There are 2 protein chains.
Amino acid sequence: MKLNAHEIEHRLADFNELLRAKGLKVTQQRLVIFRALQESHGHLTAEQVHGAVAKDNPTLSLSTVYATLETLVEIGALAEITMDDGKKLFDRTTSAHHHFVDIDTGAVSDLEDSDAIKLDLKSLARKGYVIEKARVTVYGRAKK
Amino acid sequence: MKLNAHEIEHRLADFNELLRAKGLKVTQQRLVIFRALQESHGHLTAEQVHGAVAKDNPTLSLSTVYATLETLVEIGALAEITMDDGKKLFDRTTSAHHHFVDIDTGAVSDLEDSDAIKLDLKSLARKGYVIEKARVTVYGRAKK
DNA sequence: AGCCGAATTCGGAAGAATTCCGAAATCGGT
DNA sequence: ACCGATTTCGGAATTCTTCCGAATTCGGCT
Ligand SMILES: [Mn+2]
Ligand SMILES: [Mn+2]
Ligand SMILES: [Zn+2]
Ligand SMILES: [Zn+2]
């Protein structure tokens, strides 16, 4: 779930490079927000990101968090998913993957690749369409 | 996609029964709203439902549409899905099924059962969890 | 067919998440 | 260090949805 310190620093370094490659400025806000996601369990709302960075960055505004997260999704540094309640979560994992949702708590976690999910994208294509991606969401509840 | 007139009347009859079985009143608003979904392509926003019924029911309010759709989902007469933009669609099909989304237009259609999607729910279960459901969304764009 | 109480609907206000805006601050190339 | 473009800030605006109290409708009963 959580990344180790070394992996986080590695990702920060890559993120720096990515910003430069895209011609974007390396701002404190971008670094802090990206780091908050790497240090989290992986899926946070904008509000949660804002809360996570607030202690060390009390002036970092919520509107900057929103704008920054949007930028980071655009450049492929983060991904974005929408939950059933309509709220958006930002996802530190950008490669294609699927999700597990705890129905009671809303907690989201990543499903690792396995042969439990088999999607034949070729035959799923509607006539005249090209498939871009396919996403699976599995919902469950903790046994009590 | 669209249902024939006979099927729609059959569903309306079942819907009447369901309301009574649940001890709910059979109101004009409920009938009209449920019918609008049966006569549609299958997936509508509350706003679209309101628009669809407006001509014949100019006083049927949007807040009633919202309240009614919520009730109909609760009793299992309709289903509800949330799109990536956070907007909710009401779905005339209540049995488990998957969706295809046209990325450019947002148009949603149902994927029919096929062996192109294989989910092994047993092995997807997180430790200590019981799977309740799994949903697949396939995204594509029309070839130009 | 009319009455009555509970459920439902109405219209508008309120709420919540997100986006937009103009002004101030910051970044990075020179 | 300077300067211009980009980014950030704080608050207002927007959009979708829910909430609220008052009015209406439904359906069981007579
Ligand atoms: Mn690397
Ligand atoms: Mn039937
Ligand atoms: Zn994820
Ligand atoms: Zn559907």
Side-chain angles (χ1 to χ4, degrees), chain A residues 15-36 43-54 56-75 77-78 80-91 106 108, chain B residues 15-36 43-54 56-75 77-78 80-91 106 108:
Chain A
F15 176 56
N16 258 272
E17 282 179 41
L18 178 62
L19 287 174
R20 291 202 201 86
K22 295 284 184 179
L24 298 178
K25 294 183 177 176
V26 180
T27 65
Q28 286 309 306
Q29 291 88 341
R30 283 171 178 162
L31 295 175
V32 159
I33 287 167
F34 181 81
R35 176 185 288 274
H43 306 87
L44 297 180
T45 63
E47 190 76 50
Q48 289 173 323
V49 170
H50 187 240
V53 303
D56 294 326
N57 308 80
T59 65
L60 206 170
S61 73
L62 181 57
S63 54
T64 295
V65 172
Y66 273 106
T68 299
L69 289 169
E70 180 184 26
T71 300
L72 301 197
V73 169
E74 277 169 10
I75 66 175
L78 297 176
E80 188 179 8
I81 60 177
T82 303
M83 307 312 295
D84 284 348
D85 62 5
K87 290 176 186 150
K88 292 189 173 64
L89 295 184
F90 294 87
D91 192 335
V108 177
Chain B
F15 176 56
N16 257 272
E17 282 179 42
L18 178 62
L19 287 175
R20 289 201 203 88
K22 295 285 185 177
L24 298 179
K25 293 183 177 178
V26 180
T27 65
Q28 287 309 304
Q29 291 89 340
R30 284 171 177 163
L31 294 174
V32 159
I33 288 168
F34 181 81
R35 176 185 287 275
H43 306 88
L44 297 178
T45 64
E47 191 76 49
Q48 288 173 323
V49 171
H50 189 239
V53 304
D56 293 327
N57 307 81
T59 66
L60 206 171
S61 73
L62 182 57
S63 54
T64 295
V65 172
Y66 272 105
T68 299
L69 289 170
E70 181 184 27
T71 299
L72 301 199
V73 169
E74 277 170 9
I75 66 175
L78 298 175
E80 189 178 6
I81 59 177
T82 303
M83 307 311 296
D84 285 347
D85 62 4
K87 290 177 185 148
K88 292 188 174 67
L89 295 184
F90 293 87
D91 191 336
V108 176

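Convention: sequence-line order gives letters A, B, ...; per-chain numbering from 1. As the structure is a computational prediction, the values presented were derived from the model and not from experiment.
Both B:G23 and B:P58 lie close to DNA chain C; mapped to their nearest nucleotides by heavy-atom distance, the more 5′-ward contact belongs to B:G23. Between B:G86 and A:R30, the residue anchored closer to the 5' end of DNA chain D is A:R30, taking for each the nucleotide with the nearest heavy atom.
With a 4.5 Å cut-off on side-chain heavy atoms, A:L18 and A:L24 do not count as touching. No side-chain heavy atom of B:T45 sits less than 4.5 Å from a side-chain heavy atom of B:K88. Residues B:K25 and B:L19 have side chains not in contact (no heavy-atom distance under 4.5 Å, counting atoms from C-beta outward). Side-chain contact between A:T82 and A:K87 is absent, with no heavy-atom pair separated by less than 4.5 Å.
At whole-Å resolution of the value, NZ in B:K87 and P in C:dA17 are 18 Å apart. Atom CG of B:D85 is separated from atom P of C:dA16 by 21 Å (rounded to the nearest Å). Counting to the nearest Å, the C1' atom of C:dA17 and the CD atom of A:E70 are 14 Å from each other. Atom CG in A:L60 sits roughly 8 Å away from atom C1' in D:dT8 (whole-Å rounding). Here D:dC26 presents its C1' atom at 12 Å from CG of B:L31, a figure rounded to the nearest Å. Between B:M83 atom CE and D:dT17 atom P there is a gap of 13 Å when expressed in whole angstrom units. Between B:L69 atom CG and D:dC16 atom C1' there is a gap of 14 Å when expressed in whole angstrom units. Between the CG atom of A:L89 and the P atom of C:dT18 there is a distance of 9 Å, given to the nearest Å.
For the residue pair B:F34 and B:A77, the shortest heavy atom distance occurs at CE1-O, 3.6 Å.
OP1 or OP2 of C:dT18 has at least one side-chain nitrogen or oxygen of A:Y66 nearer than 4.0 Å. Distances shorter than 4.0 Å separate none of the side-chain N or O atoms of B:S63 from OP1 or OP2 on C:dC10.
Note on A:T71: nothing from the nucleic acid sits closer than 4.0 angstrom, heavy atoms only. Heavy atoms of B:T45 sit nowhere under 4.0 angstrom from any nucleic acid atom.
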Run the side-chain donor-acceptor check on residues 59-73 of chain B: report pairs under 3.5 Å with partners two or more places apart or on a different chain.
unit_1: B:S61; atom_1: OG; unit_2: B:S63; atom_2: OG; d: 3.3
unit_1: B:S61; atom_1: OG; unit_2: B:T64; atom_2: N; d: 3.1
unit_1: B:S61; atom_1: OG; unit_2: B:T64; atom_2: OG1; d: 2.9
unit_1: B:T68; atom_1: OG1; unit_2: B:T64; atom_2: O; d: 2.7
unit_1: B:T71; atom_1: OG1; unit_2: B:A67; atom_2: O; d: 3.0

Report all interatomic pairs (protein N or O, nucleotide N or O of nucleotides 27-29 of chain C) with separations under 3.5 Å.
unit_1: C:dC27; atom_1: O2; unit_2: A:K25; atom_2: NZ; d: 2.8
unit_1: C:dG28; atom_1: OP1; unit_2: A:V26; atom_2: N; d: 2.8

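The listed nucleotides are D:dC9, C:dC10, D:dC16; the one nearest the side chain of A:T64 is D:dC9. Of all nucleotides listed (D:dC9, D:dT17, C:dT18), C:dT18 comes nearest to the side chain of A:L62.
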Worked verdict on B:V32 versus B:D56 for side chain to side chain contact (heavy atoms under 4.5 Å, CB included) | CA-CA 9 Å; B:V32 159; B:D56 293 327; over 6 Å; no

